[in-house]
Amino acid sequence: MKLRVLHTTTYHYQGNVDLAQHMVHLSPVDTATQKVLAHALHIRPEPVAHSEILDAFGNRRCFFSLQSPHETLTVEADSEIETRMPRPLPSGPQAQAWQALGWEAVREHFRYRAKAPFNPASEFLFASPHVPRDDAFSAFARPAFVAGRPMLDATRALMERIHTELSYETASTGVNTPALTALAQGKGVCQDFAHIMIGCLRSLGLPARYVSGYLLTQPPPGKPRLIGADASHAWVAVYVPEPAPSVPGQGAWFHFDPTNNRAGEDSPGEDYVQLATGRDFSDVSPMRGVIQGGANHTLEVAVTVAPPQELRALQAAP
């Protein structure tokens with residue numbers, strides 16, 4: 001499936017901003033289920049400096065600076081990606097070893113032992129700015145993680161519980177709403193659901209990371225697709241070591257989307273676009289920065305995810 005993503009961020013400042021430095025995570029990367037065909041980042045006003053690096057988690061991170069007064073800043077990321085259907089969660093005779101791997105065995109695999117080989121997934125075991133350690137997470141997770149239950153079955157059950165028992169309500173939380181607050185009030189958005197699921201898994205000693213990206217959505221029946229009507233999305237990836245691996249540290253990341261109750265290996269589905277991964281939202285915030293000047297500001301974000309030909313037709317329409 002070919003998808004084009006337009007993600008436009010606009011800041012309107014009250015008064016001039018004289019100097020600004022910004023960091024953005026708006027560039028998708030190649031994965032096992034997606035290939036980046038084209039990507040461009042358009043910044044207005046034009047920055048005096050602009051660079052891109054791979055961060056510690058393998059994401060494409062862009063820095064830019066502005067040194068002339070401006071009252072408006074617009075950053076548009078235009079990406080075209082080809083995705084493929086991910087493999088489903090292992091099942092059947094060929095996946096018997098995966099299915100038999102109990103969640104306690106995964107926890108023990110990551111328990112500290114002197115001189116044990118380093119596994120990069122252990123970086124995602126610990127508390128992070130948006131996902132603290134708290135007994136509320138483990139209490140919520142325990143009904144799914146009963147003794148002896150296979151790791152993937154238990155994780156799917158946790159995803160389904162979040163999807164079923166928590167309500168998705170737009171604007172019910174903000175970017176900085178603590179995950180524990182969202183869990184206590186029983187509602188939130190995709191970012192909250194991802195943070196809650198990560199908190200539950202880490203509270204049991206299981207590695208989980210935050211995935212930011214996009215999801216192709218369909219307009220309501222009888223309504224046309226509108227430019228800018230979509231939004232960013234977030235889900236969770238859980239690392240499971242391969243049973244009896246031939247190479248230490250070998251395993252796979254399985255993706256779970258508690259907002260939509262979908263899961264798969266490397267991605268929840270063909271209609272997902274992965275942007276970046278990190279410990280939580282703070283590692284992959286689409287855009288952040290520091291400015292000198294410009295008292296208050298308003299923020300506008302518009303996202304469109306559509307097949308390339310459909311998006312071209314929308315842009316050409318009067």
Asker: Evaluate the ring-ring contact (aromatic ring centres under 6.0 Å, His included) criterion for residues His233 and Tyr214: first the C-alpha distance (whole Å), next the side-chain angles of each, then the deciding distance (0.1 Å), finally the verdict.
Answerer: CA-CA 5 Å; His233 194 49; Tyr214 309 98; 9.6 Å; no

Asker: Taking atom types as modelled and ignoring hydrogens, do the side chains of Asp266 and Thr33 form a donor-acceptor contact shorter than 3.5 angstrom?
Answerer: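 Result is no, nothing qualifies.
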
Asker: Between Asp55 and His25, is there a side-chain donor-acceptor contact under 3.5 Å, judged purely by atom types and distance?
Answerer: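 Side chains of His25 and Asp55: pair found under 3.5 Å.
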
Asker: Do His195 and Phe281 have ring centroids that are under 6.0 Å from one another?
Answerer: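 So the answer is no for these two rings.
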
Asker: Between Phe254 and Thr155, is any pair of side-chain heavy atoms under 4.5 Å apart?
Answerer: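 Not in contact.
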
Asker: In the structure I gave you, are the side-chain heavy atoms of Val211 and Tyr272 within less than 4.5 Å of one another anywhere?
Answerer: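 Answer no - side chains too far apart.
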
Asker: How many angstroms lie between CD in Glu46 and NE2 in His70, if you round to the nearest 0.5 Å?
Answerer: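 So the gap between those two atoms works out to 13.5 Å.
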
Asker: So, His12 and Thr298: side-chain donor and acceptor under 3.5 Å apart, yes or no?
Answerer: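 Note: His12 and Thr298 side chains miss the donor-acceptor criterion.
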
Asker: Between Arg279 and Glu123, is the closest basic N to carboxylate O distance under 4.0 Å?
Answerer: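 Looking at Arg279 together with Glu123, the answer is no, because their closest N to O distance does not fall below 4.0 Å.
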
Asker: Fit a plane to each ring of Trp235 and His255, take the angle between them on a 0 to 90° scale, and name the class: parallel (under 30°), tilted (30 to 60°) or perpendicular (over 60°).
Answerer: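 Plane angle between 30° and 60°, so tilted.
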
Asker: Is there side-chain contact between Pro241 and Val106, with at least one heavy-atom pair below 4.5 Å?
Answerer: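 Side chain of Pro241 against side chain of Val106, heavy atoms only: contact under 4.5 Å found.
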
Asker: Measure the shortest side-chain to side-chain distance between Asp153 and Trp103 over non-hydrogen atoms and say whether it is less than 4.5 angstrom.
Answerer: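 No, every pair of side-chain atoms sits at 4.5 Å or beyond.
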
Asker: Between the side chains of Glu108 and Arg111, is the shortest nitrogen-to-carboxylate-oxygen separation below 4.0 Å, so that they form an ion pair?
Answerer: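 Answer for the salt bridge query: yes.
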
Asker: Are any non-hydrogen side-chain atoms of Asn59 and Leu54 less than 4.5 angstrom apart?
Answerer: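 A side-chain contact is absent here, since even the closest heavy-atom pair is not under 4.5 Å.
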
Asker: Would you say the rings of Phe57 and Phe124 are close, in the sense that their centroids are separated by under 6.0 Å?
Answerer: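 For Phe124 and Phe57, the ring centres are under 6.0 Å apart.
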
Asker: Assess whether atom CZ of Arg87 is packed by more than 12 heavy atoms of other residues, nucleotides or ligands within 6.0 Å.
Answerer: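 At most 12 heavy atoms, drawn from other residues, nucleotides or ligands, come within 6.0 Å of this atom.
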
Asker: In this structure, is the centre-to-centre distance between the rings of His22 and Phe64 below 6.0 Å?
Answerer: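 Distance test on ring centres: under 6.0 Å, yes.
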
Asker: Taking the side chain as C-beta and beyond, is there a heavy-atom pair between Leu206 and Phe110 under 4.5 Å?
Answerer: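 No, every pair of side-chain atoms sits at 4.5 Å or beyond.
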
Asker: Are Thr83 and Ser267 close enough that some pair of their side-chain heavy atoms sits under 4.5 Å apart?
Answerer: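 Answer no - side chains too far apart.
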
Asker: When the side chains of residues 125-136 are checked against the rest of the protein, which donor-acceptor pairs come out under 3.5 Å, sequence neighbours left out?
Answerer:
| unit_1 | atom_1 | unit_2 | atom_2 | d |
| --- | --- | --- | --- | --- |
| Ser128 | OG | Arg202 | NH1 | 3.0 |
| Ser128 | OG | Asp280 | OD2 | 2.7 |
| Arg133 | NH2 | Leu125 | O | 2.7 |
| Arg133 | NH2 | Arg202 | O | 3.1 |
| Asp134 | OD1 | Ala136 | N | 2.8 |

Asker: Please check if the number of heavy atoms outside Gln309 that lie under 6.0 Å from its CD is greater than 12.
Answerer: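 Enclosed: over 12 neighbouring heavy atoms sit under 6.0 Å from CD of Gln309.
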
Asker: Less than 4.5 Å apart, any side-chain heavy atom of Glu310 and any of Pro307?
Answerer: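 Of all side-chain heavy-atom pairs linking Pro307 with Glu310, at least one is under 4.5 Å.
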
Asker: Is the NZ or CZ atom of Arg209 positioned over Trp253's six-membered ring, under 6.0 angstrom from the centre and within 45° of the axis?
Answerer: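 Yes, Arg209 sits over the ring of Trp253.
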
Asker: Does Glu80 come within less than 4.0 Å of Arg4, counting only side-chain N to carboxylate O?
Answerer: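 Salt bridge flag = no for Arg4 with Glu80.
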
Asker: Can a salt bridge be assigned to the pair Glu52 and Arg60 using a cut-off of 4.0 Å between side-chain N and carboxylate O?
Answerer: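 Yes, this pair counts.
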
